There are 2 protein chains.
Amino acid sequence: MSTIEDVAKLAGLSRTTVSRVLNDHPYVSDEKKRLVQQAVEHLGYVPNSAARSLRNQRTGIIAVLIPKIATPFFSQLVEYLEMAASAKNYQLIICQTQFSKHKERKYLDLLKTKQVDGVILTSIENELSVIDSYLHFGPIVLCNEMVEHAQIPMVYMNQANSGYLVAKHLLERGHRHIAYCSTGIESDGMKAREQGFKRALTEAGCSFNESAHFKKSATVNDGKQIFKKIVNMKVTPTAIFTGGDLVAAGFISEAIKHGWSIPEDIAVVGFDNMKISELLDPMITTVIPPVEEMAIKSMDVMYEKIHTKQYRSIEKHEYSSKLAIRESSMMNRTLVATS
Amino acid sequence: MSTIEDVAKLAGLSRTTVSRVLNDHPYVSDEKKRLVQQAVEHLGYVPNSAARSLRNQRTGIIAVLIPKIATPFFSQLVEYLEMAASAKNYQLIICQTQFSKHKERKYLDLLKTKQVDGVILTSIENELSVIDSYLHFGPIVLCNEMVEHAQIPMVYMNQANSGYLVAKHLLERGHRHIAYCSTGIESDGMKAREQGFKRALTEAGCSFNESAHFKKSATVNDGKQIFKKIVNMKVTPTAIFTGGDLVAAGFISEAIKHGWSIPEDIAVVGFDNMKISELLDPMITTVIPPVEEMAIKSMDVMYEKIHTKQYRSIEKHEYSSKLAIRESSMMNRTLVATS
DNA sequence: ATGAAAGCGCTAACAG
DNA sequence: CTGTTAGCGCTTTCAT
């Protein structure tokens, strides 16, 4: 492996000049430039990045902390994050926290050891104060998370609006009795989604029945269980917002197994726009989160933070999701008063 | 940010001793050890990894090259790779090649610049000779790819066996006319899958009809198209191996739309064990690739290569997939002679 | 058991 | 426009 010294010798120049050529500095004569390029070519020289990192105090690497990469939503997010990073000549280190406080802290330490120039958090396991304390060592950007008063730049989807959109859509189709499922994640974002949902109901003069509020639903199986509960309700809802496509899929599959028709017997709306939502029969109406926008913005913000070195700031970058209206909710219901 | 020098000063010792304590070297008195630990604690000192990398000529980072991370199979693979890396105290850099030769080469350069200690390739875009030339700069492990005579360690699934398993299963159910779909990827692995599939047929004295061979099928839509073609065949197959769950899903969805019953009218077998295969009605019989085993082995091999520094070697580590028999093929067909 | 000193490979003052 | 020199933070001979 040849070093800059070897190149300098071969070209009959100093390391400085070689370095200048390599880094496109001005004030180098075209002749020496050529000389250097030839020597570089000849030796197959490539600069050593550890030496560069040490000298420049930057690594060109950003860590992305994720609960589990195989979750469709997150792998999607990572895909866009990687593209955005690549466009800015950054590498991405993937860190799976597995929902562990300890792992999250361990990975945040990458900031202290200067192994990365910044950290993107896509979920938060530790107390805000813990996260906040790391801001001393480098930039952190919250992507897909929002914490009310944190002095950390945040990029997230407008969950209140998402919830509102779904409710509005169902109300417009004549539904007055709509079930709601929470994901079990108790973030500010999830609270906002619920509030947005309820606000739409209130505005429509429609009350929300807490008995139709299902908590901690995230999996296919949860969806199946919810159907079983709904079957036994005295007043069954005419629509359900499952909060996730997997839950919706499980719910629908169980419903069909029991001879129900979707959306005739009950309309279903999911969340995430997973591939599966287009493959089931009926295709599932779902919320499309602004994944690409969030990824690009997060990287932009990160880039800016790295360069201005101002890490602590209250910045909220909000993006709106869209509703993909598909078969599972595609039917107008004759208005019927339900208490 | 404090350095080892600061720690040394505060503890009233030399950098050497501090370094010895930090790296668990022998021959340090317990007293000085304590002194160092106190100083480290007091200053919140953490070693700088760029300096370490430069000095030790190792980064503790491994690059994983992947076409697209959001592909379920790959995100699954990355999940396990990250866990295996983490267990060995390595970080993973994610590189999406987007099927581009150029990007693949660019990322392989990470080996030259010594930004990573090794590269795991999960697909191959460039000529073998190109890849091979990088072995000069560091270890490369092929994970999920197999190239006949390459002197690069390989970890992969036994595709011949996978194809054989599927054909055997369908033959046992009485099928004599089975359609086959190729993925469009022309790797040795894919060829082996096809050969294994055909071998089972031959062994059963059953001939394969090339008119029932569909090429380049990878997406849901491809599956739908294939159904349309099958409908119009003079002799329709009684079973189809779609080579992928998405293709299977598309095929089934289109078939049902046309009033066909699965598996009664045609049995369907997919590949990959994607979540969707369990959610459709009927649930899809599919091949479960040994993802976790491959990930763990790849990391083991990588670890060994890094430490022995013997990068070029012919090593084939083969793992077998399993067949998840589900509804889409769960039916015996009365034996009927077909030409 | 401990320390002094060299050096990993690179870049940026500074001087000319 | 070009070269000399110092130093980023760490580990490891080599002495003692």
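Small disclaimer: the values here were computed from a predicted structure and weren't measured. These numbers come from the heavy atoms of this one structure, side chains and all, not from hydrogens, waters or symmetry mates. In what follows, every chain begins at residue 1, and chains take the letters A, B, ... in the order their sequences are listed.
- Across all non-hydrogen atoms, the minimal contact from B/Gln310 to B/Lys305 is O-CD, 3.1 Å.
- If you take OH of A/Tyr45 and P of C/dG9, they are 10 Å apart, rounded to a whole angstrom.
- DNA chain C is contacted by both A/Arg52 and B/Asn56; B/Asn56 maps to the nucleotide lying nearer its 5′ end (nearest heavy atom per residue).
- Atom CD in B/Gln115 sits roughly 16 Å away from atom P in C/dG9 (whole-Å rounding).
- Contact between A/Ser298 and A/Ile120 at its shortest, heavy atoms only, is CB-CD1, 4.4 Å.
- Looking at the side chain of B/Ser14, the nearest of the listed nucleotides C/dT11, C/dC8, C/dG3 is C/dG3.
- Between D/dT11, D/dG3, D/dG9, one nucleotide has an atom nearer to the side chain of B/Thr3 than all others, and that is D/dG9.
- Cation-pi contact between B/Lys88 and B/Tyr303: present, with separation from the ring centre below 6.0 Å and deviation from the ring axis of at most 45°.
- Between B/Asn48 and A/Gln57, the shortest heavy-atom contact is ND2-OE1, 4.4 Å.
- Among all heavy-atom pairs drawn from A/Ser75 and B/Ser75, the shortest one is CB-CB, 3.7 Å.
- In this structure, B/Arg15 atom CZ and D/dT12 atom C1' are separated by 11 Å, rounded to whole Å.
- Within 4.0 Å of A/Thr16, counting heavy atoms only, lies at least one base atom of the nucleic acid.
- Counting to the nearest Å, the P atom of C/dA6 and the CG atom of B/Leu54 are 17 Å from each other.
- To the nearest angstrom, P of C/dC8 lies 11 Å from CG of A/Asn48.
- Distance B/Leu13 CG to C/dA4 C1': 14 Å, rounded to the nearest Å.
- Residues from residues 19-37 of chain A that place a heavy atom under 4.0 Å from any atom of DNA chain C, listed by number: A/Ser19, A/Arg20, A/Asn23, A/His25.
- For B/Gln57 and D/dT11, the shortest distance from a side-chain N or O to OP1 or OP2 is not below 4.0 Å.
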- Item | Intermediate values then yes/no, side chain to side chain contact (heavy atoms under 4.5 Å, CB included), B/Ile94 and B/Tyr107 | CA-CA 10 Å; B/Ile94 292 299; B/Tyr107 286 129; over 6 Å; no
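- Scanning all heavy atoms of the two residues, the minimum distance from B/Ala50 to A/Leu54 falls at CB-N, 3.7 Å.
- In this structure, the CZ atom of B/Arg55 is 11 Å from the C1' atom of C/dA5, given to the nearest Å.
- Separating the CZ atom of A/Arg58 from the C1' atom of C/dA12 is a distance of 16 Å, rounded to the nearest angstrom.
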